[in-house]
Amino acid sequence: MTSDGPEDGPRRHDDVGYVPVPLDRGATFYVAGHRGLVGSALVRRLERAGFADIVGRTSGELDLRDREAVFAFFRETEPRYVALAAAKVGGIVANSTYPVEFLSENIRIQSNVLDAALETGVERLLFLGSSCIYPKHAPQPITEDALHTGYLEPTNDAYAIAKIAGIMHVQAARREYGKAWISAMPTNLYGPNDNFDPQGSHVLPALIRRYSEAVEAGARTVTNWGTGSPRREFLHVDDMADACLHLLEQYDGPQQVNVGTGSDVTIREIAETIAQVVGFEGETVWDTTKPDGTPQKLLDVSKLANAGWRARIGLEDGLRSTIEWFHGHGGALRGQP
Ligand SMILES: NC(=O)c1ccc[n+]([C@@H]2O[C@H](COP(=O)([O-])OP(=O)(O)OC[C@H]3O[C@@H](n4cnc5c(N)ncnc54)[C@H](OP(=O)(O)O)[C@@H]3O)[C@@H](O)[C@H]2O)c1
């Protein structure tokens with residue numbers, strides 16, 4: 001209860017005096033976005049941990065943009081725990097083409113869920129944001145304290161502002177209502193149930209799809225954007241789900257927590273590994289007339305390490321199993337199993 005300003009570090013007045021304890025396996029746990037990349041991994045993790053009453057609704061069953069419907073759902077199910085992994089998510093093309101939708105839909109989804117959770121007395125809640133909340137030129141690796149210190153990457157600033165509003169909403173609920181709610185900011189994620197649609201996907205699923213299709217078509221070359229030199233961090237979504245449960249049971253605090261591996265690789269290295277795993281023997285061309293994006297994006301994960309968690313799934317193993325999953329699902333786009 002001592003400081004207010006960023007110069008003093010995280011806002012201590014958001015401390016609510018909650019001491020983390022193991023979650024009750026019999027309590028109702030609502031995973032918003034339970035069919036998505038993160039949500040589905042979290043459901044698998046919770047099931048493995050013995051949770052007996054995991055609740056999920058598809059966007060068709062419950063549109064989280066519909067405030068009345070969300071409140072009705074919370075009153076009916078009365079979840080004790082919530083993980084908010086539902087969001088309008090996309091890669092650089094989708095984000096820069098539809099900034100209004102990325103801003104407006106995400107603000108509505110999270111405001112509805114957080115307000116309904118407040119009204120119905122949800123005890124523990126985890127809000128998921130993204131590393132794009134940090135300034136474009138944040139020093140690497142990016143610490144949690146970099147939030148609010150500079151301009152955002154313009155291609156996804158609308159999405160990032162929505163996520164920053166979500167973090168603030170969680171902090172405000174702590175400050176005003178003493179809720180022991182927390183936020184986590186994952187790095188780039190990958191794994192089963194990812195979005196492999198070329199129009200909306202992130203870099204890693206896009207590469208998996210491109211190389212797989214090249215093998216299928218017998219193509220001799222694959223062309224990727226840029227030089228391949230940017231460095232990126234990738235976390236397997238099963239690790240992410242494990243970190244979510246760990247944070248819910250072991251961490252409390254107002255400041256968002258970065259979730260990543262703490263190490264990065266070049267896009268070229270990723271492309272080469274994927275090419276090798278899918279059996280592509282042709283040539284990779286780097287179209288250097290196309291932009292590279294930011295040269296490096298790596299999260300500082302010391303806060304998470306201090307909370308007792310670290311990533312376990314190696315990149316090559318994770319890629320192998322994700323590619324197997326993709327091929328096992330007919331290389332299909334999401335929604336077309
Ligand atoms: N993927 C990454 O690399 C990454 C990295 C950092 C942070 N994150 C964060 O992690 C969270 C989850 O991302 P994800 O990759 O798991 O996304 P995802 O695979 O696209 O899943 C998002 C889920 O949100 C649900 N959803 C979207 N709009 C909805 C609506 N109006 N009503 C109800 N449900 C709705 C969808 O449900 P239906 O399937 O039923 O339509 C979908 O399953 C997001 O907050 C994202 O910012 C992801």
Any salt bridge between [X] and [Y], counting N to O under 4.0 Å?
{"X": "Arg124", "Y": "Glu249", "answer": "no"}
{"X": "Arg312", "Y": "Asp317", "answer": "no"}
{"X": "Glu316", "Y": "Arg320", "answer": "yes"}

Under a 4.5 Å cut-off applied to non-hydrogen side-chain atoms, are [X] and [Y] in contact?
{"X": "Phe234", "Y": "Thr261", "value": "no"}
{"X": "Gln296", "Y": "Asp264", "value": "yes"}
{"X": "Pro205", "Y": "Asn195", "value": "no"}
{"X": "Lys163", "Y": "Phe127", "value": "yes"}
{"X": "His169", "Y": "Ser111", "value": "yes"}
{"X": "Ile167", "Y": "Gln110", "value": "no"}
{"X": "Asn258", "Y": "Lys303", "value": "no"}
{"X": "Val278", "Y": "His327", "value": "yes"}

For Phe51 and Phe29, take the angle between the two ring planes, folded into 0 to 90°, and tell me which bin it lands in: parallel under 30, tilted 30 to 60, perpendicular over 60.
perpendicular

If I take atom [atom1] from residue [X] and atom [atom2] from residue [Y], how far apart are they, to the nearest 0.5 angstrom?
{"X": "Glu272", "Y": "Thr284", "atom1": "CD", "atom2": "OG1", "answer": "7.5 Å"}
{"X": "Asp252", "Y": "Asp15", "atom1": "CG", "atom2": "CG", "answer": "7.5 Å"}
{"X": "Glu105", "Y": "Asp63", "atom1": "CD", "atom2": "CG", "answer": "8.0 Å"}
{"X": "Thr187", "Y": "Leu235", "atom1": "OG1", "atom2": "CG", "answer": "7.0 Å"}
{"X": "Leu147", "Y": "Gln255", "atom1": "CG", "atom2": "CD", "answer": "8.0 Å"}
{"X": "His246", "Y": "Leu304", "atom1": "NE2", "atom2": "CG", "answer": "7.0 Å"}

Show your reasoning for whether side chain to side chain donor-acceptor pair (under 3.5 Å) applies to Asn224 and Tyr211.
CA-CA 10 Å; Asn224 297 326; Tyr211 279 101; 3.0 Å; yes

Which one of Ile270, Ile323, Asp194 satisfies the side-chain contact (heavy atoms from CB on, under 4.5 Å) criterion with Ile208?
Ile323

Establish, from distance only, whether the side-chain atoms of Thr28 and Asp53 form a donor-acceptor pair under 3.5 Å.
yes

For the residue pair Asp300 and Ser302, confirm or rule out a side-chain donor-acceptor distance under 3.5 Å.
yes

Decide yes or no on side chain to side chain donor-acceptor pair (under 3.5 Å) for Thr223 and Asp287, but give the supporting numbers first.
CA-CA 7 Å; Thr223 305; Asp287 180 355; over 6 Å; no

Might you point out which heavy atoms bring [X] and [Y] nearest each other, and give the distance in Å?
{"X": "Phe280", "Y": "Ala219", "answer": "CE1-O, 3.5 Å"}
{"X": "Pro192", "Y": "Val237", "answer": "CD-CG1, 4.3 Å"}
{"X": "Lys88", "Y": "Asn106", "answer": "N-OD1, 2.7 Å"}
{"X": "Gly260", "Y": "Trp309", "answer": "O-CZ3, 4.1 Å"}

Would you say Leu298 and Met240 are hydrophobically clustered, going by side-chain heavy atoms of ILVMFWY under 4.5 Å?
no

Connected via hydrophobic side-chain network under 4.5 Å: Val82 and Leu118:
yes

Has [X] got more than 12 heavy atoms of other residues, nucleotides or ligands less than 6.0 Å from its [atom1]?
{"X": "Tyr98", "atom1": "OH", "result": "no"}
{"X": "Glu281", "atom1": "CD", "result": "no"}
{"X": "Trp225", "atom1": "CH2", "result": "no"}

If you apply the rule side-chain contact (heavy atoms from CB on, under 4.5 Å), what do you find for Val70 with Asp115, and how did you get there?
CA-CA 9 Å; Val70 173; Asp115 288 344; over 6 Å; no

Full working for side-chain contact (heavy atoms from CB on, under 4.5 Å) between Glu144 and Tyr134
CA-CA 8 Å; Glu144 286 84 356; Tyr134 293 114; 3.9 Å; yes

Working for side-chain contact (heavy atoms from CB on, under 4.5 Å), residues Tyr81 and Asp24:
CA-CA 9 Å; Tyr81 310 130; Asp24 175 358; 3.4 Å; yes

